[in-house]
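First the structure, in the form of structure tokens, and then the observations on it.
Lettering of chains follows the sequences in order, A, B, ..., and the numbering in each one begins at 1.
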Amino acid sequence: MAQNYNVTKIEEKWLDSWEKQQLFQGVTQADVVKADAVKTGKDPLYLLFAFAYPSGSGLHVGHVESKTALDILARYYRMNNRDVFFPVGWDAFGLPAENYAIKTGVPPAETTRAAIDTFRRQIKRIGISYDWKAELATSHPGYYRWTQWLFLELHRQGLAYQGEGVVNWCPSCQTVLANEQVVDGACERCGSEVTQKSMKQWYFKITEYKDELISGLDEVDWPTATKEQQLNWIGRRVGAQVQFSVESAPDAERLACFTTRVDTIFGVTFLAMSPEKWQSSGLMEQVSAQKRDEIEKYLKAAGKKTEEQRKIGEKDKTGIDTGLTAINPVNGQVVPIYVADYILAGYGTGVVMGVPGHDERDHSFARKHQLPIIEVITPAAGAKKNDKSVFTEHGVLQNSGNYTGLSSEEAIGQLLSDFNADIEKTTTYKLRDWLISRQRYWGAPIPIVYDPDGNPHPVKDEHLPWLLPTDVDFKPTGESPLRSSQEFIQRTEKLYGKGWRPEFDTMDTFVDSSWYFLRYLDARNEQVFAQPELLKYWLPVDFYMIGPEHIVLHLLYSRFFAKFLRDQGYLEINEPFSKMRHQGMILGPDGKKMSKSKGNVINPDDVIEKFGADTLRVYEMFMGPIESDKPWDVSAVAGVYRFLNRIYDLVVQVAEGKAVTNPAVKRKLHQTIRKVSSDIPALKFNTAIAAMMECLNDWETSMRADKTGITREEARYFTQILAPFAPFLAEELHELLGGKHSVHTTEWPTWDDSIAAEQSVEIPVQINGKVRGKIKLPAEQASDQAVVIQAARADERIAAWLAEAKIIKEIYVPRKILNIVVKI
RNA sequence: GGCCCGGUGGCGGAAUUGGUAGACGCGUCAGACUUAAAAUCUGAUGAUGGCAACAUUGUGUGGGUUCGAGUCCCACCCGGGCCACCA
């Protein structure tokens, strides 16, 4: 009877053998690649997995899922004669290692190295066919030397600049955060409340590419949701800027308001300025002395508010009347000017025309401050009214002078042309420049030095890599840890002169992780970040698998770098990632997100120990569609293990000889090859596995019945289509069946449609859309409608249904269904 | 509040994109083997009624289009994710 095959022994045997053969390695050597490309004429394929942060807890089942999925593609395409590049690396800089260092004093370099070693061992153990020769880690000087080079390139082009500004400050991490890293007013990483602080920081001018970052999305095959989120983040809005002059100070600069709804301009009953805008406007001078105190008080209170409190303010819109008034350029209406903290400083102009009739925020502000509310838009005829008190959609203008009766769209166009001195078409964006300075240790040092007068200068090329010092105190002080390094300061003075100081901040780790896919192509090159020939040969990335958590930032930044490098002549592509998909999350057996505190974590090592890596891989691929979230099912894993054991059992029987082809099983095999061959490129791994299971079931049944099934050669096809999924078992079985070389270097089997074709067809027969019977016909007769109808009428059950009825219509969809429409 | 996914047996999920709903796997039940258990094998398994053939019903809800709807259209309900005082 079937005995479990010795998983551990087999898997370890092949691990060893593959390692010795250096299977799948070495493709990144420039000369090899060029020679290969010319000689073989192979079609290059770049498969990319979003590299991981090597956390101390090691590989989890989620990693296994996405890595296996890509590995299946890599193996499949190699067998289909594509030149596959499938690299691996580590997003090794980052906070967890530094926080650990703060706690224990163990340098991040050490913990990171240990973590990488663990990951590497685990990844090899599950048989991922990475090209290890291209392995990289962002914390390695050989890598961050080029991160620094990239910074300097941007600097040279004026796209890396220093700016003083109010920044998000995380008091717990003791660092500045990018806007993108602030979630609901809290630090994305540690959850502490973020405060505001004014500092001098380095920025990358990503806004330079804002329009191209939008239009480029048309070129790529990405999930629409991802594109939407990118668009949402860039936040392009077309609207108008309306100039309001200040009535009480005719000489003062006019106030520009951004609005997407100029059509509501007759409904303006006040102007509102953000506190920040007010402070920089100089309007305070125009205000009476007693008002001034009140306003100062308000500004102070607003400045103290945290993001969280501002949110609560959604319901309670505070603000203060400045006593100043402005003139509506369209109708000359005089309206009061308020300072209100619900106005965002960073969006539009920081001044808003208040239209309480048609904007919910303005509405609640107006009610609180007893300002008039004018209705100037009504729903268009036929349009549905929603029951909200404030009508915020487009409609038809009312109480709007000459414009009354126009639609919103018409009015916007008219106003823009009638008032071109005061109303100007404008586009605004939410996207801000990227703040990259971090007051942290474990990151790439910003390659800038300051002269004794405090002016920044780029670190000279010959001084790269601008090494991260090691003699630092990790304890957070609110200042950059690099300040505590004697070596760092001495180095700077030695190389640049007395009184020179290095930049003490390091770069946001997103900088490291947003160009690694370029470095993979030539990871050991010390002259350039990658040779042009290699970049040209491999780019763009053909398929990128990435977790949904990196949708916005990582992709935006990577695209920005690619476009920048293209403009500098290094790349020829517009978009770095042609096709992208996201893997779903593997949930615990309880259907909840895995977490240590819930105790529902599945450890891949345990599964490997019990069932082997093949079972782990096949199970994870069988769970369901790759992009959806799915819970772990402990007993279903055993089902996959049974499946693999049954394959082993059958193949051993075949290898022992005496196997004869059973035409039905052979047909099934060809159908299965066809199905698996189309499912893999479509990422439908679960149905590919189901098809192999079906094939095995037929094969097994036939073997049991009369010792027939498929021959040794045909069984080898089966091991070949199994190989991407279960590389260890497939290799073992292939050898058992007398395969000369590794199954992974064989050519993908082809199927024969004529063998795969079914000989007889079963056609369901419906009466009025309900299946009442089935008829079986030889395949060649099934396309003849007359024959099919005749056969259907001859069928006993159908005849009974037709006896009392009058046939109205017969619809035959060849080989699929016959529907007889009758009247009873 | 906006946008994006999704809702199919006891469970994970299939369904040639408008053509037999429930492939495949898990679980459950019954049986074989066993002193027994595990493992393995065989069969059954959406629900309701029936000894059975079979009938009715069934893909979140209510309508619609169609010879035919899980699939398309309209309205709604529920769950998940992302964004959100963005004017």
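The aromatic ring centroids of A:Y342 and A:F365 lie less than 6.0 Å from each other. The ring of A:Y338 has its center closer than 6.0 angstrom to the ring center of A:H369.
Within 4.0 Å of A:D362, counting heavy atoms only, lies no atom of the nucleic acid at all. Among the protein residues, A:K430 comes within range of the nucleic acid bases, having at least one heavy atom under 4.0 Å from a base atom. Across all strands shown, A:K684 has heavy atoms under 4.0 Å from sugar-phosphate atoms exclusively, and none from any base. Counting non-hydrogen atoms under 4.0 angstrom, A:G639 reaches the backbone sugars and phosphates but no base. Here A:E810 lies out of heavy-atom contact (under 4.0 Å) with every strand. Looking at heavy-atom distances under 4.0 Å, A:R772 makes contact with sugar-phosphate atoms alone, never a base. Using a 4.0 Å heavy-atom criterion, one finds that A:A690 contacts the bases of the nucleic acid, with or without backbone contacts as well. Residue contacts shown for A:P625 are limited to sugar-phosphate atoms, with no base heavy atom under 4.0 Å away.
To the nearest angstrom, P of B:A69 lies 9 Å from CD of A:Q766. Atom CG in A:N819 sits roughly 10 Å away from atom P in B:C67 (whole-Å rounding). Atom C1' of nucleotide B:G12 and atom CD1 of A:I626 are separated by 14 Å, given to the nearest angstrom. Whole-Å rounding puts the A:N645 CG to B:G25 P distance at 15 Å. Taking atom CD1 of residue A:I811 and atom C1' of nucleotide B:G68, one finds them 7 Å apart after rounding to whole Å. Separating the CD atom of A:Q229 from the P atom of B:G80 is a distance of 18 Å, rounded to the nearest angstrom. If you take CE of A:M693 and P of B:C26, they are 7 Å apart, rounded to a whole angstrom. Rounded to whole Å, atom P of B:C67 lies 21 Å from atom CH2 of A:W801.
Listed candidates were B:C24, B:U20, B:U16. Nearest to the side chain of A:N697 is B:C24. In the set B:C85, B:U20, B:A15, the nucleotide with an atom closest to the side chain of A:T687 is B:A15. Out of B:C67, B:C83, B:A87, the shortest distance to the side chain of A:V821 is found at B:C67. Checked against B:C85, B:A14, B:C24, the side chain of A:Y342 finds its nearest nucleotide in B:C85. With B:U57, B:G12, B:G19 as the candidates, the nucleotide lying closest to the side chain of A:K770 is B:U57. Listed nucleotides B:U40, B:A23, B:U20 differ in distance to A:P764; the shortest reach to its side chain belongs to B:U20. With distances taken from any side-chain atom of A:V813 to the nucleotides B:C85, B:G19, B:C41, the minimum falls on B:G19. Comparing atom distances between the A:E228 side chain and each of B:C85, B:C3, B:C24 picks out B:C3 as nearest.
A syn orientation is assigned to B:G9, its glycosidic angle lying within 90° of 0.
Taking atom P in both B:A38 and B:A30, the straight-line distance is 13 Å, to the nearest Å. Separation of the C1' atoms belonging to B:C29 and B:G46 is 16 Å when rounded to the nearest angstrom. Only the P atoms considered, B:U71 is 15 Å distant from B:U65, to the nearest whole Å. Using P as the reference atom, B:G60 and B:G12 are 14 Å apart when rounded to the nearest Å. Spacing between B:C77 and B:G62 at atom P, rounded to whole Å, works out to 15 Å. Taking atom P in both B:G6 and B:A15, the straight-line distance is 13 Å, to the nearest Å. Going from the P atom of B:G10 to that of B:G2 covers 34 Å, rounded to whole Å.
Of the charged side-chain nitrogens involved, at least one lies within less than 4.0 Å of a carboxylate oxygen, so that A:R674 and A:D753 count as a salt-bridged pair. By the 4.0 Å N-to-carboxylate-O rule, A:K630 lies close enough to A:E65 to be salt-bridged with it. A:R261 and A:D263 are joined by a salt bridge, as a carboxylate oxygen and a charged side-chain nitrogen come within less than 4.0 angstrom of each other. We find that A:D795 and A:K774 are not joined by a salt bridge, their nearest charged nitrogen and carboxylate oxygen being 4.0 Å or further apart.
Checking A:D211 against A:Y429 by side-chain atom types alone, a donor-acceptor pair falls below 3.5 Å. Side-chain atoms of A:Q241 and A:K425 form no donor-acceptor pair, as typed in the model, at a separation below 3.5 Å. Side-chain N/O atoms of A:E758 and A:Q671 include a donor and acceptor closer than 3.5 Å.
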Expected output check: what is the dot-bracket annotation of RNA chain B, where ( ) and [ ] are pairs inside the strand (brackets for crossing ones), | is paired with another strand, and pairs are Watson-Crick or G-U under 3.5 Å? (((((((..(((......[....)))((((((.......))))))((((....))))..(((((..]....))))))))))))....

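A:K593 is listed as a side-chain neighbour of A:M585, based on a closest heavy-atom distance under 4.5 Å.
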